[in-house]
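Take a look at the structure below.
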2 protein chains.
Amino acid sequence: MATIKDVAKLAGVSISTVSLALNNQPHVRAETKEKVLAAARRLNYQPNGIARDLKLSKTETIGLILPDLAGPFYSELIRGIQDFTTANHYDVVAMSAIGERPKSIRYIQEKRTDGMIIMSQQIDATLIRQAARPDFPIVLLNREVSSNHVTSVMIDNRKAAYEAVQLMIRQGYSEIAYLGGPEDASDNRNRFYGYQASLHEAGRTVEPKWCLQGDFTKEGGYGAAKRLLAEGMLPQAIFAANDEMAIGLIEGLQQGGIGIPEEMAVVGFDDIQLASYIRPTLTTVRQPMYQLGSTAAKLLFRLLDGESNLDAVVLDTHLIERDSCPPKAVTQS
Amino acid sequence: MATIKDVAKLAGVSISTVSLALNNQPHVRAETKEKVLAAARRLNYQPNGIARDLKLSKTETIGLILPDLAGPFYSELIRGIQDFTTANHYDVVAMSAIGERPKSIRYIQEKRTDGMIIMSQQIDATLIRQAARPDFPIVLLNREVSSNHVTSVMIDNRKAAYEAVQLMIRQGYSEIAYLGGPEDASDNRNRFYGYQASLHEAGRTVEPKWCLQGDFTKEGGYGAAKRLLAEGMLPQAIFAANDEMAIGLIEGLQQGGIGIPEEMAVVGFDDIQLASYIRPTLTTVRQPMYQLGSTAAKLLFRLLDGESNLDAVVLDTHLIERDSCPPKAVTQS
DNA sequence: TTGTAAGCGTTATCAG
DNA sequence: CTGATAACGCTTACAA
């Protein structure tokens, strides 16, 4: 591969002149510049970005770590980030945090980007705290880690869940179950607290038998449905901590001959694309994904500009009422 | 940020010793190593990946360029790539090729990764040819560019479309329309050729009025439906060049009061997740996404190992029959 | 076993 | 306006 040296040699000038010419610095004679450009073209010269990054100690790219790098769920998020970063002449590279010890942590440890936006509970908080510095700020999505150069943008999971369950109560359901994600996921925990608060406010209590365990996957929801069916005891409604589980749950229940929503209402969380396609269409909580992304990018640039100790930003969610949680029909049971 | 120099100073050794110790090279006295490790820990030292990459002229990461970085469509593809690269201790970073002059081209020009897998028609062929070198091979997905260090993995779009339309004919439909993507997309072109071949074989001809123009988006399909409705002339069946358009089309038609599939059959292409959720469920062509990814990764590593002039690999597709293209009911029109 | 020094490909400072 | 030269942070012969 041709380097700046080769170009200099071919053009018969020094490498510094080549650098000046190629970077459109003033003070280069037009004639010289032309000579350099010609040489570069002839050699198919491409500057080595890595060397450049090392010299300048900046990459003009920001990293994005997602749990999975797939799913329409992230589409808007990425767009929100990209719209903002592109305007600042920055690139975005995405990597996923799948696997036991995600390889993506290499990227957060070794400063291969100028900063990071992380949406993943997998990555260790200590690691994040260690990696974050003035010249390598980190913005967390739906998660908090205290450090000067880390900030977060979140949705109010508790409030969102509270409102969702409130709707279920208002529609006339009693026996409302909670289908949760992994115990240690903070999203899950906060959604559970919201569920709990809503029940308490209505003078009810959380019953262990109505606390179902899932794992944020469709399969998890499906499994929960099967267990419910096997036990033969059904609640009147279920609030699932995410749409994927809600969908698996609905499919499992329907296969078991349970009519949704007549025999059981379901509410989800996230408003993924499928939510409006599954039958019945899913009542769910919409996260402002685009805004989540753009806010994160905005905060990251402020951090990059030297600000620190930024407060976390909390975004509002929006309850989307569809067909899976209609007013409860009065039946003569 | 602490550098290797700082660690050396604190540990009271030379920087080369630090490097040796940190990289678990033999020939370092245990005691010295301990001293170095302690110093590194105290300084919260993180090696600078960029400097390392520059020195070693390799990054152990491969880049992936996708049209959009979103959509469940790519989920399996990415997994296919990742499973393979992870086994080789490589990382994957993804970037999207959206926008007029995608910023991601910077990554392909400046050798910031050891190679690239590109799924995008947006990126200029000349650029690809210029960038590809023995130490920066490129694998193209569903696209071909002739160069020693570029190869492709593709599906046989023509054959897949041919088979899909053959099914439609077999089910008894005559008047079969084609809803295409952008004219210049080679996928689209080849799918059209397959459509054409299938019709010809059945002794029919392609009629201009049944060649609908879309753009691979749901909105495009929706628009086509509206135009069809406005004209008042409907074909018996439509083969859409991708699922998104097919779905938009179905929604548009249904809104116009047309029963699918009774009044019009539809077949799509891709088998995205939604295809099995939309009503009616969509008959479509499944691309072997995982295999597409893993094959691409495999080829890339062979290229990286010094092989060249690799033949393109063509993968088989699979027709998924669902409800949107049943045998045509005999009606007394 | 450890240190010295060269070099990866740039950019930037400073003379000339 | 152009050319030496140092430096970015690291790895690795080679020397000690």
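Values below: every heavy atom of this structure, side chains too, minus hydrogens, waters and symmetry copies. Keep in mind the model is a prediction, meaning the values are calculated, not measured. Below, chain A is the first sequence line, B the second, and so on; all start at residue 1.
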- Query: Salt-bridged, A:Glu34 to A:Arg41, with N to O below 4.0 Å?
  - Reply: yes
- Task: Considering only NZ, NE, NH1 and NH2 on the basic side and carboxylate oxygens on the acidic side, decide whether B:Lys58 and B:Glu60 come within less than 4.0 Å.
- Result: yes
- Pairwise distance CZ(A:Arg79) to CE(A:Met289) - rounded to 0.5 angstrom: 12.0 Å
- For the atom pair CG (A:Leu310) and NE2 (A:His149), what is the distance rounded to the nearest 0.5 Å? 10.5 Å
- Query: What does the inter-axis angle of the helix from C:dT1-D:dA16 to C:dG16-D:dC1 come out as, five pairs per end, nearest 10 degrees?
  - Reply: 50°
- Task: Could you check how far NE2 of B:His27 sits from P of D:dA16, rounded to whole Å?
- Result: 19 Å
- Query: Distance only, no hydrogens: is a donor on one side chain within 3.5 Å (strictly under) of an acceptor on the other, for A:Gln287 and A:Asp270?
  - Reply: yes
- Task: Provide, to the nearest angstrom, the distance between the CG atom belonging to B:Leu22 and the P atom belonging to D:dT11.
- Result: 8 Å
- Specify the separation, in whole Å, of atom NZ of A:Lys35 and atom C1' of D:dC1. 12 Å
- Message: Assess whether a salt bridge exists between B:Asp53 and A:Arg112, defined as any Lys/Arg side-chain N lying under 4.0 Å from an Asp/Glu carboxylate O.
- Response: yes
- Considering only NZ, NE, NH1 and NH2 on the basic side and carboxylate oxygens on the acidic side, decide whether B:Asp184 and B:Arg189 come within less than 4.0 Å. no
- Message: Can you confirm whether or not the ring centre of B:Phe84 sits under 6.0 Å from the ring centre of B:Tyr90?
- Response: no
- Do nucleotides 8-16 of chain C as a string where each nucleotide becomes B, S or -: B if the base has a protein heavy atom under 4.0 Å, S if just the sugar-phosphate does, - if no protein is that close. BBBBB----
